Participant: 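Below is the structure I would like to discuss, written out as structure tokens.
In the text below, chain A, chain B and the rest are named by the order of the sequence lines, each starting its count at 1. Quick caveat: nothing in here was measured; it's all calculated off a predicted structure.
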Amino acid sequence: MTRTLHPDDFLPDSPTVARELIGAILLVDGIGGRIVETEAYDRADPASHTFNGPTPRNQAMFGPPGRAYVYRSYGIHWCLNFVCREEGHGAGVLIRAIEPLEGLKEMRRRRSLDDPKLLCAGPGRVGEALGIVLDMNGLRLDRKPFKVLARDRDYDIVTGPRIGISKAMELHWRFGLAGSPFLSRRFSPASRPTP
DNA sequence: CGAACGATTAGCT
DNA sequence: GCTAATCGTTCGA
């Protein structure tokens with residue numbers, strides 16, 4: 001039995017939410033799959049878009065929890081985050097990789113790619129496969145076009161430093177489903193499953 | 001107003 | 001492993 005996540009489920013700190021999201025199902029207009037990799041960001045976090053306070057781009061992250069924060073990465077890719085904490089805090093979770101389960105045909109068409117292991121293995125790839133666009137910025141995650149279902153059981157989780165950043169490398173705020181073939185990158189062998 | 005810089009990816013060595 | 005591609009955001013002058 002699965003439960004649709006409610007905005008209140010996103011009130012805890014972002015590393016806690018990022019960990020809870022491993023194994024959850026994310027669908028956009030019915031297309032998507034199981035979340036297998038996430039990263040947490042917080043206001044008091046030099047690597048976060050919100051570190052220097054509110055700007056036009058990051059306003060959604062300072063809005064209420066349980067909403068989408070969509071941003072353009074490297075002028076090319078649309079990346080999806082889930083806003084966490086109480087309104088005004090500025091925290092969120094980046095969705096970095098998904099195990100494709102629903103709408104494989106449409107995802108393959110959007111990505112011009114067959115290999116399911118590469119369809120959603122990275123935040124930009126997730127954005128392309130799920131059809132994320134800027135119009136979705138700020139939308140509630142418990143309403144169309146989104147559907148987010150809580151994980152149906154416990155999963156073994158691995159952690160490590162976040163990818164593609166140069167600050168706060170000491171924070172191990174990247175979370176992954178242990179052994180998943182759908183990760184954007186392997187976790188360091190030194191990273192061990194956590195309880 | 002100009003310029004540097006990315007929470008990345010694909011393609012090549 | 002290395003780098004070009006590509007453009008909106010952000011910050012300093």
Participant: Quick one: do A:Arg110 and A:Glu128 make a salt bridge, cutoff under 4.0 Å?
Facilitator: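 The answer is no: the pair does not qualify as a salt bridge.
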
Participant: Do A:Arg140 and A:Phe146 form a cation-pi contact, if we require the NZ or CZ to be under 6.0 Å from the six-membered ring centre and within 45 degrees of the ring's axis?
Facilitator: no

Participant: Does C:dA5 have A:Tyr74 stacked on its base, where the ring centres are within less than 5.5 Å and the planes differ by under 30°?
Facilitator: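 No, A:Tyr74 does not stack on the base of C:dA5, since the centre distance and plane angle fail the 5.5 Å and 30° test.
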
Participant: Mind calculating the distance between CZ (A:Arg72) and C1' (C:dT6) to the nearest angstrom?
Facilitator: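 Taking CZ of A:Arg72 and C1' of C:dT6, I get 9 Å after rounding.
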
Participant: Roughly, in whole Å, what's the span from CZ in A:Arg185 to P in C:dG1?
Facilitator: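 About 9 Å, once rounded to whole Å.
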
Participant: Would you mind reading off the distance between A:Arg57 atom CZ and C:dT10 atom P, rounded to a whole angstrom?
Facilitator: 5 Å

Participant: Less than 4.0 Å between a side-chain N and a carboxylate O, is that true for A:Asp154 and A:Arg151?
Facilitator: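 Salt bridge flag = yes for A:Asp154 with A:Arg151.
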
Participant: Only Watson-Crick and G-U wobble pairs with both distances less than 3.5 Å should count. Give DNA chain B in dot-bracket notation, marking inter-strand partners with |.
Facilitator: ||||||.|||||.

Participant: Could you work out which one of C:dA5, C:dT10, B:dA7 sits closest to the side chain of A:Leu94?
Facilitator: B:dA7

Participant: Checking side chain to side chain donor-acceptor pair (under 3.5 Å) for the pair A:Arg19/A:Tyr155: CA distance, chi angles, key distance, verdict?
Facilitator: CA-CA 10 Å; A:Arg19 180 183 293 268; A:Tyr155 290 89; over 6 Å; no

Participant: Can you see whether A:Tyr41 has A:Arg162 sitting over its ring - NZ or CZ less than 6.0 Å from the centre and within 45° of the normal?
Facilitator: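 Yes, A:Arg162 sits over the ring of A:Tyr41.
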
Participant: Provide, to the nearest angstrom, the distance between the CG atom belonging to A:Asn81 and the C1' atom belonging to B:dT8.
Facilitator: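 Nearest whole value for this atom pair: 14 Å.
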
Participant: What I'd like to find out is whether the side chain of A:Met107 reaches to under 4.5 Å of the side chain of A:Cys120, using heavy atoms alone.
Facilitator: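 Yes, close enough: below the 4.5 Å cut-off.
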
Participant: Classify A:Ile165 by what it touches in the nucleic acid, base, sugar-phosphate, or nothing, heavy-atom distance under 4.0 Å.
Facilitator: sugar-phosphate

Participant: Go through it in stages, so that I can follow the logic: the residues are A:Tyr71 and A:His49, the test is ring-ring contact (aromatic ring centres under 6.0 Å, His included), and I'd like the CA-CA distance, side-chain angles, deciding distance and then a yes or no.
Facilitator: CA-CA 10 Å; A:Tyr71 74 94; A:His49 288 171; 4.7 Å; yes

Participant: When the nearest nucleotide of DNA chain B is assigned to A:Gly124 and to A:Gly75 on a heavy-atom basis, which residue is associated with the more 5' position?
Facilitator: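 In this pair, the answer is A:Gly75.
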
Participant: Quick test: give all pairs of protein nitrogen or oxygen and nucleotides 10-13 of chain B nitrogen or oxygen below 3.5 Å, distance rounded to 0.1 Å.
Facilitator:
from: B:dA10; atom 1: OP1; to: A:Arg111; atom 2: NH1; distance (Å): 3.0
from: B:dA10; atom 1: OP1; to: A:Arg111; atom 2: NH2; distance (Å): 3.3
from: B:dA10; atom 1: OP2; to: A:Arg125; atom 2: NE; distance (Å): 2.7
from: B:dA10; atom 1: OP2; to: A:Arg125; atom 2: NH2; distance (Å): 2.2

Participant: Is there a side-chain polar atom (N or O) of A:Thr55 under 4.0 Å from OP1 or OP2 of C:dT10?
Facilitator: yes

Participant: Ignoring hydrogens, what is the shortest heavy-atom contact between A:Asp9 and A:Thr4? Give both atom names and the distance.
Facilitator: OD2-O, 4.5 Å

Participant: Atom CZ of A:Phe51 to atom P of B:dA7: distance rounded to whole Å?
Facilitator: 13 Å

Participant: Mind calculating the distance between CG (A:Leu134) and P (C:dG8) to the nearest angstrom?
Facilitator: 11 Å

Participant: Could you check whether A:Arg96 pairs with A:Glu39 (Lys NZ or Arg NE/NH1/NH2 to Asp/Glu carboxylate O, under 4.0 Å)?
Facilitator: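 A salt bridge is present here (some side-chain N lies under 4.0 Å from a carboxylate O).
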
Participant: If only side-chain N and O atoms of A:Arg96 are considered, is one of them under 4.0 Å from the OP1 or OP2 phosphate oxygen of B:dT8?
Facilitator: yes

Participant: Using whole Å, what does the distance between atom P of nucleotide C:dT10 and atom OH of A:Tyr71 come to?
Facilitator: 13 Å

Participant: Output the rounded distance in Å from CG (A:Asn52) to P (B:dA7).
Facilitator: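 To the nearest whole Å, that distance equals 12 Å.
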
Participant: Measuring from A:Lys144:NZ to A:Asp29:CG, what's the distance to the nearest 0.5 Å?
Facilitator: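 Spacing of NZ (A:Lys144) from CG (A:Asp29) equals 8.0 Å.
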
Participant: It should be established whether A:His49 places a side-chain nitrogen or oxygen under 4.0 Å from OP1 or OP2 of nucleotide B:dA7.
Facilitator: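 Looking at the OP1 and OP2 atoms of B:dA7, one of them is under 4.0 Å from a side-chain N or O of A:His49.
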
